[in-house]
Amino acid sequence: MSAIASATVEVPPRGTTADPSSVNSVTKKNLLLTALVLSATSPTFAGGFKDITAEAGLPDLDVSRALSVDLNADGHADLIARPNGRTNHYARVFLNTPNADGSRRFVENQHPGLPQLNSGDALTFADIDNDGLPDAILARFLDYLQPDFTPPAHEPTRSSLFLGRGDGTFALPRTIEDAPAATTSAIAVHDVNADGLPDLWFGNWYERYFSGYEAFSNDLLLQFPSSSNSPDFVRWSVPGESAPIDGPTDSGGRPTYGVTIARLDDSALPNLLELNYGRRWNRLYFLSGFAPHPGKTVKRDADEAAPNPRPGGHLAHRGPELARTLFGTDIAPAAGFDGDNVRHGHHSKWLEDRARDDARFKRDDEPPFRANGNTFDAAIGDIDNDGDFDVFVSTIIHNWAGDSSDRSRFLVNRLRESGELRFDSPPELSVDRMPDVVTPENRNFNQGDIFCELADLNNDGRLDLILCSSDYSDPPPHDERLRIYLQQADGTFLNSTAELGIDHLGGGQPTLFDWDHDGDLDLVVGQTFNRLSAERRREAGLANHTLTAASPEDAKPTPRLRLYENTLADSSNGLVIRLIGSPAQNVSRDAYGTIVRASVDLDNDPTTPDVWLHRQLIGPGGHAGKRSDSLVHFGLGKASQINSLEITWPNATRTTTTYANLPAGTHTIAQQSK
């Protein structure tokens with residue numbers, strides 16, 4: 001464990017400020033210099049990831065999805081685990097609790113007050129009412145257009161909020177009236193219109209799976225101030241949602257498995273990311289137009305145009321006004337976010353040959369709108385330290401679908417180079433695991449990449465990739481498992497899973513937090529054996545110790561959630577920041593969308609220049625309400641501090657706070673109310 005400060009402290013602004021121009025104007029010369037510094041000084045890290053599940057007090061949990069959130073505001077992330085099970089299961093809450101000797105363990109709260117869940121429901125957590133305590137957000141998967149639909153057996157029967165009490169328990173549900181009944185499968189949380197109130201972005205799936213291509217449009221629910229004691233929302237109409245399905249344009253709703261909200265350009269408002277299934281195109285919405293709360297003054301420079309020229313309306317009509325003053329455009333095709341460039345829809349040649357002997361393999365080629373991704377999740381981060389934010393999308397592919405089936409890939413943002421939001425996927429960043437030679441035995445391979453995350457796992461200043469794959473039974477080395485790709489000095493990503501001591505087949509939902517407050521990120525990941533063959537299940541059971549070599553061949557292994565302590569970064573320093581926004585300045589307390597820039601002397605050599613690192617606090621989002629602990633993490637390499645820190649808060653005026661000489665450790669930074 002690194003010998004660094006771990007006490008949470010309140011940090012006042014310092015007089016020394018960072019130069020914003022040095023962050024926002026990144027030239028090719030600066031990028032080259034940064035690359036040279038990193039290449040010359042990248043240390044070699046020993047260690048890896050240690051399974052401390054039992055040591056941390058967690059029982060054996062047959063769990064596929066896990067989330068971390070500080071439920072009681074004590075600065076330590078708690079854990080929510082969703083058991084595997086299609087119907088009638090409950091999320092379990094484990095509070096991060098101190099022992100008498102100063103160590104910590106997870107202790108289950110037996111009666112958290114969370115609802116009974118079905119497998120399709122999405123559950124996540126955020127401070128919706130700005131009281132400093134996380135709330136539970138439930139999105140019901142309501143497949144009510146199917147003839148065999150059965151409503152939820154227990155209340156609530158609709159999407160709802162459960163306000164947090166701060167002790168790991170939750171109040172009775174409050175129905176989100178403006179959330180239409182739909183096959184909702186994903187939730188993202190963010191203050192979309194910069195008014196200080198968190199909003200909800202619900203991703204919806206097919207209207208009738210296996211009975212047509214129609215899908216429910218997604219629901220952006222804008223929170224508005226009201227006279228009631230419950231958060232109120234108004235639904236914003238997604239552009240083109242009422243258009244009938246059209247093949248060439250794929251208009252109307254698309255089956256969404258993941259939604260995310262992030263700032264990908266320099267616009268006043270964040271972008272809405274829509275991640276679509278059924279080999280349909282993804283969407284990326286550019287948003288404009290908003291107004292601050294009535295009665296509140298948003299300070300602007302004299303030459304700065306108001307974000308919206310319309311005055312705030314009467315409070316009683318605030319919801320409709322918000323919905324009518326927000327505008328959006330799908331820029332995914334222009335930005336290269338919708339899918340890759342292979343759009344012919346032709347199936348593999350081997351499938352056609354096989355169909356001559358077996359009619360079950362006969363498939364017609366797909367139209368262009370069915371020739372792209374089965375995208376589930378996205379991760380956001382500045383992988384090349386150039387000041388803009390890149391995206392990784394995790395996608396299921398099937399070889400039988402041909403090369404038009406999009407692959408998991410990095411989408412590198414070229415905003416700083418070109419001045420426009422454009423993405424490309426350099427071949428050297430490929431993380432594919434295709435068979436080297438396709439034979440009749442392995443030609444029907446898959447890549448079941450469902451969850452992904454970006455994080456600096458070894459504290460070297462470069463973001464690494466966590467990729468969780470499951471649900472398909474391919475043979476090694478193409479099997480579905482948790483993989484970790486460490487970014488190298490040349491910017492490529494190396495599969496380092498085995499060297500890090502991880503053997504975890506059927507990788508479920510991951511969540512990141514600093515378990516031991518040592519300045520690096522630890523990992524909890526669920527597990528699922530869905531669709532794995534008996535051979536793969538046995539291999540997984542031997543790895544997670546639910547089977548032994550002496551177990552009978554027909555013994556049933558059980559999936560297990562694992563907590564992996566990060567020992568990879570023990571020889572380096574890290575810094576963790578918890579942000580608290582000021583609703584009085586139109587920043588929600590969770591402060592999602594805040595951008596933090598840090599100047600760090602990664603090699604601890606005063607003769608070489610500092611490197612600027614960029615992080616964005618991303619709220620819950622991606623597939624199934626994925627969320628990690630709400631923190632901003634910087635790996636410091638050999639440095640012991642951040643030399644300059646610049647925080648840009650996500651309000652209309654983009655309020656900026658600067659600090660100097662922030663030491664390694666854990667810090668809480670609250671935006672100053674004015």
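Owing to the predicted nature of the structure, the values given are computational and were not obtained by experimental measurement. Residue numbers run from 1 in the order of the sequence given.
Taking the six-membered ring where tryptophan is involved, the planes of Y144 and F216 are tilted, since the angle between them lies from 30° to 60°. In this structure, Y257 and H623 have perpendicular ring planes: the angle between them is above 60°, well past the 30° mark. By the 30° and 60° cut-offs, the orientation of the rings of H346 relative to H344 is parallel.
Classification of E417 and R414 as a salt-bridged pair holds, one side-chain N sitting under 4.0 Å from a carboxylate O. At a threshold of 4.0 Å, the pair D386-R416 does not count as salt-bridged, since none of the basic side-chain nitrogens sits closer than that to a carboxylate oxygen. A salt bridge is defined here as a Lys NZ or Arg NE, NH1 or NH2 lying under 4.0 Å from an Asp or Glu carboxylate O, and E453 with K626 meets this definition. A salt bridge between R280 and D250 is present, with a side-chain N of the basic residue lying under 4.0 Å from a carboxylate O of the acidic one. In summary, R235 and D219 engage in a salt bridge, as defined by a charged side-chain N under 4.0 Å from a carboxylate O.
Between the N413 side chain and the F389 main chain, a donor and an acceptor come within less than 3.5 Å of each other. Judged by distance alone, the side chain of D143 and the main-chain N or O of Q146 form no donor-acceptor pair under 3.5 Å. N586 contributes no side-chain N or O that, together with a main-chain N or O of G196, makes up a donor-acceptor pair within less than 3.5 Å. T183 places no side-chain N or O within donor-acceptor distance of the main-chain N or O of E207, the cut-off being under 3.5 Å. With hydrogens and angles disregarded, no donor-acceptor distance shorter than 3.5 Å links the side chain of N118 to the backbone of G120. A donor-acceptor pair under 3.5 Å is absent between the side-chain atoms of Q223 and the main chain of D232, judged by distance alone. Proximity of a side-chain donor or acceptor of E480 to a complementary backbone N or O of G448 within less than 3.5 Å is detected.
In this structure, the side chains of L411 and V393 come closer than 4.5 Å at one or more pairs of heavy atoms. Looking only at side-chain heavy atoms (C-beta outward), P151 and F149 come within less than 4.5 Å of each other. Proximity of H190 to W201: side-chain heavy atoms (C-beta onward) are nowhere separated by under 4.5 Å. Side-chain contact between F392 and L463 is absent, with no heavy atoms from C-beta onward closer than 4.5 Å. Counting heavy atoms from C-beta on, the side chains of D449 and R433 come closer than 4.5 Å. In this structure the side chain of R363 reaches within 4.5 angstrom of the side chain of W400, judged on heavy atoms. Using a 4.5 Å heavy-atom cutoff, the side chains of R263 and N271 are not in contact. L138 places a side-chain heavy atom less than 4.5 Å from the side chain of D121.
For the pair L465 and C452, the tightest heavy-atom approach, listed with the atom from each and the gap, is CD1-CB, 4.4 Å. Of all heavy-atom pairs between T594 and I647, the closest is CG2-CG2, 3.5 Å. Across all their heavy atoms, Q116 and A153 have their closest contact at OE1-CB, 4.5 Å. Nearest heavy-atom pair, E155 versus P115, reported as atom, atom and distance to 0.1 Å: O-CB, 4.4 Å.
Distance CG/L221 to OG/S159: 8.5 Å, rounded to 0.5 Å. Considering CZ of R283 and OG1 of T329, their distance stands at 12.5 Å, rounded to 0.5 Å. If you take CD1 on I380 and CG on L264, they are separated by 5.5 Å, rounding to the nearest 0.5 Å. Once rounded to the nearest 0.5 Å, the distance linking CD of E366 with OG of S405 reads 10.0 Å. Considering CZ of R279 and CZ of F369, their distance stands at 10.5 Å, rounded to 0.5 Å. The line from CG of N204 to OG1 of T256 is 7.0 Å long, rounded to the nearest 0.5 Å.
Between F493 and F410, the distance separating the two ring centers is shorter than 6.0 angstrom. Checked against the 6.0 Å centroid criterion, the rings of F170 and F125 qualify as a close aromatic pair. For W205 and Y277, the ring centers are positioned less than 6.0 Å apart. Checked against the 6.0 Å centroid threshold, H398 and F445 do not count as a close aromatic pair.
Figure legend: cation-pi geometry between R654 and W649 absent, as NZ or CZ is not positioned both under 6.0 Å from the six-membered ring centre and within 45° of its axis.
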Q: Please test Y285 against V238 for side-chain contact (heavy atoms from CB on, under 4.5 Å), starting from the C-alpha separation and ending with a verdict.
A: CA-CA 9 Å; Y285 290 104; V238 176; 3.0 Å; yes
Q: Quick one: do V596 and L579 satisfy side-chain contact (heavy atoms from CB on, under 4.5 Å)? Show the steps, please.
A: CA-CA 10 Å; V596 186; L579 296 171; 4.2 Å; yes
Q | side chain to side chain donor-acceptor pair (under 3.5 Å) evaluation trace for N399 with N444 | A | CA-CA 6 Å; N399 188 47; N444 194 20; over 6 Å; no
Q | side chain to side chain donor-acceptor pair (under 3.5 Å) evaluation trace for T511 with S68 | A | CA-CA 6 Å; T511 187; S68 55; 2.6 Å; yes
Q: Take E352 and K349 through the test side-chain contact (heavy atoms from CB on, under 4.5 Å) and record every step on the way to the result.
A: CA-CA 5 Å; E352 178 183 344; K349 180 66 165 56; 4.0 Å; yes
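Residues meeting the salt bridge (charged side-chain N to carboxylate O under 4.0 Å, His left out) test with D191, sequence neighbours left out: none.
Applying side-chain hydrogen bond (donor to acceptor under 3.5 Å, both in side chains) to D382 and the options R615, R597, H614, Q616 leaves one that passes, H614.
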